[in-house]
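Below is one structure; the comments refer to it alone.
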Amino acid sequence: MTTTIRTRFAPSPTGALHLGNARTAALNWLYARKYKGTFVLRLEDTDIERNLQGDGSRPSGEELIIEALDWLGLHPDEAPSTGGPFGPYRQSERANHYANQAEQLLASGHAFRCYCSPEELDAHRKEAIAIGDPPGRDTKCRDRSPEEKTLTQAKGQPASIRLRVESGPVYFEDQLKGGLSIDGDDLGDMILVRSDGRATYNFAATVDDYEMKISHVIRGIGHLSNTPKQMLLYRAFGVQPPQFIHIPTVMASGGGKLSKRAGATSLLTYRDRGYHPDAVLNYLSLLSWSSKSGEEFFEREALIEEVDLDRIGATDTEIDEDKMAWLSGQHVRSEPATTLVDHWSAFLDHTNFNMNRDDLTRSAEVFAHRTRLFSDAQSELETIFGEPTLESEETQVILGTREAKIAIDQLHTTWQEVDWQAKTLGATARDAAENTTMSKGQFFSAIRIAMTGERKGPELGDIAYALGKERTLSRLKHALDKIHHNDGREII
RNA sequence: GCCCCCAUCGUCUAAUGGCUAGGACGCCAGGUUUUCAUCCUGGUAAUAGGAGUUCGAUCCUCCUUGGGGGCACCA
């Protein structure tokens, strides 16, 4: 028997995704992709109060989630906006499904109507906790006689629907933790449908996972305590539960909680800071999971191939932005220049320099290894492509020697004849350095300053290649003029 | 109060009832390179504490401590 793999990511649209949520989404997506299954996005928006509404200027919680998933490349096969065979995919639109299932549980005797008010229930719970009893169990409504029921119902009093939970062990299995058991007394008669008719989380989630034929529920370990409740529901429905995989919590760096309200941890913040999305996906997968080989750098396809739920650890993890940035650098380096420039473009402000797409592509070829985040490109390119001023005293001292001027002049001549490739340019520059009376260091400093105005920076061949022949030669020429001009005296 | 989960370098992790507890990020040092960066090499640093089982425990059991989660007409 082969089961079709169907995973789901089911966030509530209360705000942007953070790294923890994203990690859950990533694992679900990766797993579905690996086994040619289906990845479902479902919105758990039954708590209207907390849903983040959008308006003309602000995106809604739903839009924010889609945007984040999209950035990471985690495209759902079935989703609220695109639909699918088991829709709708917003819980707010599935009220009739929950009502139907609740009716059936009522009919089969698994559930009962409760006429207690929230206040009464609350008071009862506090009392139970105070005397050390398990809360959540009160028998007032649970065992009413049929006559009494019809009588009360006739009065039209608002009622919630609760599950009849018996004492005794509730056993369930987690793929990572093995078999777990909890006593029904510790669970209580959970409320399935509120007195206003809306389904509660555990009921809605279970009905949905069941009706949407979810095969693997991969979710945060915070849901471990919900699992026995959901188990009871599967039992009541008379169906096989899905495979449960509870993954450890992702904590903020330093050990604090990751909060949807802490703006700094929003996934989109990392996008805006210039992290490579493939690196973030790669990094997220490395949280509590490790490959058999110990390898840590994985491109998208390799990650799908490698991911293995059985190699997920048990301990909570902290975010390490340094490592994520390092990984970003690794992914940047493996990105072809032609596509890297598209990523860079979003972060470039050309105010202080001019360059066209060809300039950009050549720069990506030779400077990519100097960057980690896409946003690093700005300062990198600005110092190369911005017009050098050559005004500083240091610059004048270095360029103002007879040797420097000869060196620049000679290289200007040599480079007119060479094939304009980074390697060739570098090689001819090194040759030229041999033929001067200057030290190598002095020589290269002088040339770099003539070209960019900076002493430090990329290799000369790379700079020349990126700038292009015309611009390079004109800068060298300009530097010669500038020295002459500023000095006010003939050097040669 | 009760219930559940977790515990290896600063961080992410590997490992087996038995080699010097391995790797990655970071940090430090050295090397390559014209400088910065990259890259290469080396170094730094961990089994929370206490009992028990065992010839032998990081690993199995119990306790303590610490951390996380739950006990909702929140998700």
Side-chain angles (χ1 to χ4, degrees), chain A residues 10-14 44-47 49-51 91 114 116-119 121-122 125 128-136 158-162 174 176-177 180-183 185-188 190-202 204-205 220-229 246 248-249 251 253-255 257 283 286-297 311 313-327 329 333 367-372 376 380 383 426 429-430 433 439-448 454-460:
Chain A
S12 47
T14 53
E44 312 223 318
D45 57 350
T46 55
D47 187 359
E49 308 277 307
R50 284 170 42 179
N51 293 340
Q91 291 191 328
C114 173
C116 300
S117 68
E119 292 74 28
L121 254 27
D122 198 44
R125 180 172 51 249
I129 289 177
I131 60 171
D133 274 0
S160 59
I161 300 176
R162 303 176 69 178
D174 178 90
L176 261 24
K177 304 196 178 309
L180 263 16
S181 175
I182 189 169
D183 198 282
D185 278 335
D186 291 323
L187 261 23
M190 52 187 279
I191 292 181
L192 271 22
V193 180
R194 299 172 175 98
S195 46
D196 66 1
R198 288 151 55 223
T200 58
Y201 165 74
N202 277 301
I221 200 162
H223 286 284
L224 195 64
S225 53
N226 284 321
T227 310
K229 300 177 187 174
H246 289 97
T249 311
M251 313 286 279
S253 117
K257 272 186 224 174
Y283 179 75
L286 250 26
L287 253 23
S288 73
W289 170 81
S290 61
S291 68
K292 188 132 192 166
S293 67
E295 186 72 34
E296 298 197 302
F297 172 81
R311 287 189 62 82
T315 41
D316 292 349
T317 67
E318 279 180 35
I319 297 297
D320 180 355
E321 291 187 354
D322 276 339
K323 185 150 187 179
M324 193 153 73
W326 171 78
L327 260 181
R333 273 165 237 176
F367 299 146
H369 73 277
R370 302 176 59 82
T371 66
R372 278 142 94 90
D376 293 339
E380 197 64 41
T383 52
R430 280 189 290 278
S439 73
K440 271 191 170 185
Q442 286 175 318
F443 175 84
F444 285 104
S445 272
I447 305 293
R448 183 175 293 100
E454 300 285 334
R455 282 184 80 162
K456 293 180 180 175
E459 293 183 18
L460 291 191

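Throughout, protein chains are lettered first and strands after them, A, B, ... in sequence-line order, and every chain is numbered starting at 1. All values below were derived from every heavy atom in this structure, side-chain atoms included, with hydrogens, water molecules and symmetry-related copies excluded.
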Task: Side-chain donor/acceptor contact of A:Ser195 with base of B:rC73 under 3.5 Å - done: yes
Task: Side chain of A:Trp326 (C-beta onward), nearest among B:rC12, B:rG26, B:rC6 - done: B:rG26
Open item on the list: Is there, by distance only and without an angle test, a donor paired with an acceptor across the side chain of A:Asp316 and the base of B:rA7 below 3.5 Å?
Closed with: no
TODO: For B:rG23 and B:rA75, measure between their C1' atoms and round to the nearest Å.
DONE: 39 Å
Open item on the list: Let's see if you can work this out: which of B:rC6, B:rA75, B:rU35 has an atom nearest to the side-chain heavy atoms of A:Arg448?
Closed with: B:rU35
Task: B:rA7 versus B:rU11 - spacing of their P atoms, nearest Å - done: 15 Å
Task: Nucleotide of B:rA24, B:rU8, B:rU35 approaching A:Glu459 most closely (side-chain heavy atoms) - done: B:rU35
Task: Per A:Arg311 side chain, nearest of listed nucleotides B:rC25, B:rA14, B:rG68 - done: B:rA14
Open item on the list: Does a side-chain N or O of A:Ser290 approach OP1 or OP2 of B:rA14 to a distance below 4.0 Å, or not?
Closed with: yes
Task: For B:rA7, the Watson-Crick or wobble counterpart (both distances under 3.5 Å) - done: B:rU65
TODO: May I have the distance from A:Arg50 (atom CZ) to B:rA72 (atom P), rounded to whole angstrom?
DONE: 16 Å
Open item on the list: Heavy atoms from C-beta onward define the side chain here; which of B:rU35, B:rA75, B:rC25 lies closest to that of A:Lys323?
Closed with: B:rC25
Task: N or O in side chain of A:Arg194 less than 4.0 angstrom from B:rA72 OP1/OP2 - done: no
Task: OG-CZ distance between A:Ser439 and A:Phe444, expressed to the nearest 0.5 angstrom - done: 10.0 Å
Open item on the list: Any donor-acceptor pair under 3.5 Å linking the side-chain atoms of A:Asn51 with those of A:Asp45?
Closed with: no
- [ ] Mind calculating the distance between NZ (A:Lys229) and P (B:rA72) to the nearest angstrom?
- [x] 7 Å
Task: Spacing of the P atoms in B:rA72 and B:rC3 (rounded, Å) - done: 15 Å
TODO: Assign A:Lys292 to base, sugar-phosphate, or nothing according to its heavy-atom contacts below 4.0 angstrom with the strands shown.
DONE: nothing
- [ ] Using heavy atoms to find the nearest nucleotide of RNA chain B for A:Trp289 and A:Gly426 separately, return the residue whose nucleotide is more 5′.
- [x] A:Trp289
TODO: Please measure how far the P atom in B:rU53 lies from the corresponding atom in B:rG66, and state the result in whole Å.
DONE: 28 Å
TODO: Using only side-chain N and O atoms of A:Thr46, determine if any of them is under 4.0 Å from OP1 or OP2 of B:rA75.
DONE: yes
- [ ] Once you apply the 3.5 Å cut-off to both distances, tell me the Watson-Crick or G-U wobble partner of B:rC2, or none.
- [x] B:rG70
Task: Distance-only donor-acceptor test (3.5 Å): side chain A:Arg430, base B:rU34 - done: no
TODO: Measure from the side-chain heavy atoms of A:Ser225 and tell me the nearest of B:rU8, B:rU34, B:rG69.
DONE: B:rG69
- [ ] Quote, to the nearest angstrom, the P distance that separates B:rG70 from B:rG52.
- [x] 38 Å
TODO: Would you kindly compare A:Gln91 and A:Arg372 by the position of their nearest RNA chain B nucleotide and give the one closer to the 5′ end?
DONE: A:Arg372
Task: Nearest-nucleotide pick for A:Leu460, side chain only, options being B:rA75, B:rU34, B:rC6 - done: B:rU34
Open item on the list: Once hydrogens and angles are ignored, does a donor-acceptor distance under 3.5 Å link the base of B:rU38 to the side chain of A:Arg370?
Closed with: no
Open item on the list: Looking only at the side chain of A:Lys456 (C-beta and beyond, no hydrogens), which of the listed nucleotides B:rU35, B:rC74, B:rC3 gets closest?
Closed with: B:rU35
Task: Inter-nucleotide C1' distance (B:rU47, B:rG42), Å rounded - done: 25 Å
- [ ] Could you work out the separation of B:rA14 and B:rU58 based on their C1' atoms and round it to a whole Å?
- [x] 12 Å
TODO: Determine which nucleotide pairs with B:rC27, using a 3.5 Å limit on both distances of a Watson-Crick or G-U wobble pair.
DONE: B:rG43
- [ ] Could you tell me whether A:Asp196 and A:Arg198 make a salt bridge, using a distance below 4.0 angstrom between a side-chain N and a carboxylate O?
- [x] yes
- [ ] Would you indicate which nucleotide in B:rA75, B:rU13, B:rC25 comes nearest to any side-chain atom of A:Asn226?
- [x] B:rA75
Open item on the list: I'd like the C1' distance from B:rC12 over to B:rA51, given in whole Å.
Closed with: 32 Å
TODO: Tell me which nucleotide among B:rU13, B:rG68, B:rU34 gets nearest to the side chain of A:Met251.
DONE: B:rG68
